[in-house]
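Some notes on the structure that comes next.
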Amino acid sequence: MPDPTPRVKVCGTTSLHDALLSAEAGADALGFIFAPVSKRRVSPEVAREAGLAVGPVVARVGVFLNQGLTEVLRTAEAARVSAVQLHGPLSSLYVREVARYHPVLRVLRPADLGQPDALEVLSLPGVTPMLDAPEPGGGVPLDWAALRDVFPAGAWLAGGLGPANVAEAVRVLRPAGVDAVSRLEKAAGVKDVEQVRAFIQAARLQAAPGT
Ligand SMILES: O=C(O)c1ccccc1N[C@@H]1O[C@H](COP(=O)(O)O)[C@@H](O)[C@H]1O
């Protein structure tokens, strides 16, 4: 039986200080956003330093939005991330190419489910789907009940998750992992330690047997 405890990713890490804060709070993965449009954008150099500091176990995920293949591969290498998260309307060929070099979290919107390209992505080795709202980093939750019958096995969940609602999301969809950013901040790109701790605890609470 698969482990019902979701992995927990804290995204939008922009400093060494916040990387250590999230790791000490128990995060399984840290997200580093390299999308130029993001108010949480971080340089590969800072991501690399922060990623090295959290030790061998915490995953470091480079987050990209509709960026060129060469840019993604070069940035991921420079930042020494352990996985890549891909947002945007990307072909399955592109996703497959990135997955030759890095484990991939491929972000899909609910409307993508059932589309031929999304189905192909779900079958690619080394690619894990993540369901997110149409506007990444927007803090808007998905309709979990509506997704219950179509949520892909082994998928991660993002979109407006925070300490107050993550346990319910986990209860409804049983995702393999959860990911959040905007509800864990005191300002854009700056973590709120209480929210980070509470998010990680709440995500794991509902996973206990019998709940
Ligand atoms: O947060 C951003 O600025 C961002 C920009 C570009 C791509 C992804 C981004 N964030 C991702 O958005 C989701 C959920 O965010 P939220 O919790 O709803 O605020 C998460 O996967 C982040 O990695």
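Indexing begins at 1, ligand by ligand and atom by atom, following the structure's order. In this chain, numbering begins with 1 at the start of the sequence shown. If you're wondering where the values come from, they're calculated on a predicted model, not measured in any experiment.
Within the listing of ligand 1, atoms 18 (O), 19 (O) sit less than 4.0 angstrom from a heavy atom of Gly138. Under a 4.0 Å criterion applied to the non-hydrogen atoms of Lys9, ligand 1 contributes the atoms 23 (O). Of all the atoms in ligand 1, the ones that sit under 4.0 Å from a non-hydrogen atom of Gly159 are 14 (C), 18 (O). Ligand 1 places these atoms under 4.0 Å from at least one heavy atom of Gly139: 16 (P), 18 (O), 19 (O).
Residue Ala180 places a heavy atom less than 4.0 Å from ligand 1. Within the 4.0 Å heavy-atom cutoff, Arg41 does not count among the residues contacting ligand 1. Ligand 1 lies out of reach of Gly31, whose nearest heavy atom is not under 4.0 Å from it. Using a 4.0 Å heavy-atom cutoff, Arg183 is absent from the residues neighbouring ligand 1. Under a 4.0 Å heavy-atom criterion, Gly12 is not in contact with ligand 1. In this structure, Gln85 is part of the shell of residues with a heavy atom less than 4.0 angstrom from ligand 1.
Annotation: atom 21 (O) of ligand 1 to nearest protein heavy atom, Asp179 OD2, 2.6 Å. Atom 6 (C) of ligand 1 has as its closest protein heavy atom Ala35 CB, 3.9 Å. The protein heavy-atom contact nearest to atom 13 (C) of ligand 1 is Asp132 OD2, 3.2 Å. Counting only heavy atoms of the protein, atom 17 (O) of ligand 1 lies nearest to Val181 N, 3.0 Å. The shortest contact between atom 3 (O) of ligand 1 and any protein heavy atom is with Ser38 OG, 2.6 Å. Scanning the protein heavy atoms around atom 18 (O) of ligand 1, the nearest turns out to be Gly160 N, 2.8 Å. Closest to atom 1 (O) of ligand 1 among all protein heavy atoms lies Arg40 NH1, 2.8 Å. Counting protein heavy atoms only, atom 23 (O) of ligand 1 is closest to Cys11 SG, 2.8 Å.
Closest of all the heavy-atom pairs between His102 and Leu73 is CD2-CD2, 4.0 Å. What you find for Ala35 and Gln67 is that their closest heavy atoms are CA-OE1, 3.4 Å. Of all non-hydrogen atoms in Ala203 and Val8, the two that sit nearest each other are CB-CG2, 3.8 Å. The shortest heavy-atom contact between Ala158 and Leu142 is O-CD1, 3.9 Å.
Ion pair Arg48/Glu45 not flagged as a salt bridge, since none of the NZ, NE, NH1 or NH2 atoms sits closer than 4.0 Å to an Asp/Glu carboxylate oxygen. Contact check on Arg148 versus Asp143 returns no salt bridge, with no Lys/Arg side-chain nitrogen under 4.0 Å from an Asp/Glu carboxylate oxygen.
Contact check for Val54 versus Leu20: side-chain heavy atoms found under the 4.5 Å cut-off. Between Lys9 and Trp156, some side-chain heavy-atom pair lies under the 4.5 Å cut-off.
In this structure, OG in Ser15 is found 8.5 Å from NZ in Lys191, a value given to the nearest 0.5 Å. The distance from the OH atom of Tyr94 to the CZ atom of Arg106 is 9.0 Å, given to the nearest 0.5 Å. Distance check: Leu119 CG to Ser92 OG gives 10.5 Å after rounding to the nearest 0.5 Å.
Residue Ser182 touches ligand 1 through backbone and side chain together, judged by heavy-atom distances below 4.0 Å. At a heavy-atom cutoff of 4.0 Å, ligand 1 is contacted by no atom of Val107, backbone or side chain. Of all the heavy atoms of Ile33, the ones lying under 4.0 Å from any atom of ligand 1 belong exclusively to the side chain. The proximity of Pro136 to ligand 1, defined as any non-hydrogen pair under 4.0 Å, involves the side chain as well as the backbone. Under 4.0 angstrom from ligand 1, the non-hydrogen atoms of Val63 all belong to its side chain.
A side chain to side chain contact (heavy atoms under 4.5 Å, CB included) with Arg183 is found for exactly one of Val166, Asp192, Asn165, namely Asn165.
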Mind running salt bridge (Lys or Arg N to Asp or Glu O under 4.0 Å) on Glu77 and Arg74 for me, showing each step along the way?
CA-CA 5 Å; Glu77 168 63 20; Arg74 283 203 182 135; over 6 Å; no

Derivation of the salt bridge (Lys or Arg N to Asp or Glu O under 4.0 Å) call for Asp28 and Arg204:
CA-CA 11 Å; Asp28 297 299; Arg204 291 177 178 149; 3.0 Å; yes

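In terms of N/O distances under 3.5 Å, ligand 1 is not approached by Val37. Between Ala158 and ligand 1, no pair of N/O atoms sits closer than 3.5 Å. Among the atoms of Gly137, some N or O lies under 3.5 angstrom from an N or O of ligand 1.
For CZ of Arg80, the number of neighbouring non-hydrogen atoms (other residues, nucleotides, ligands) closer than 6.0 Å is greater than 12.
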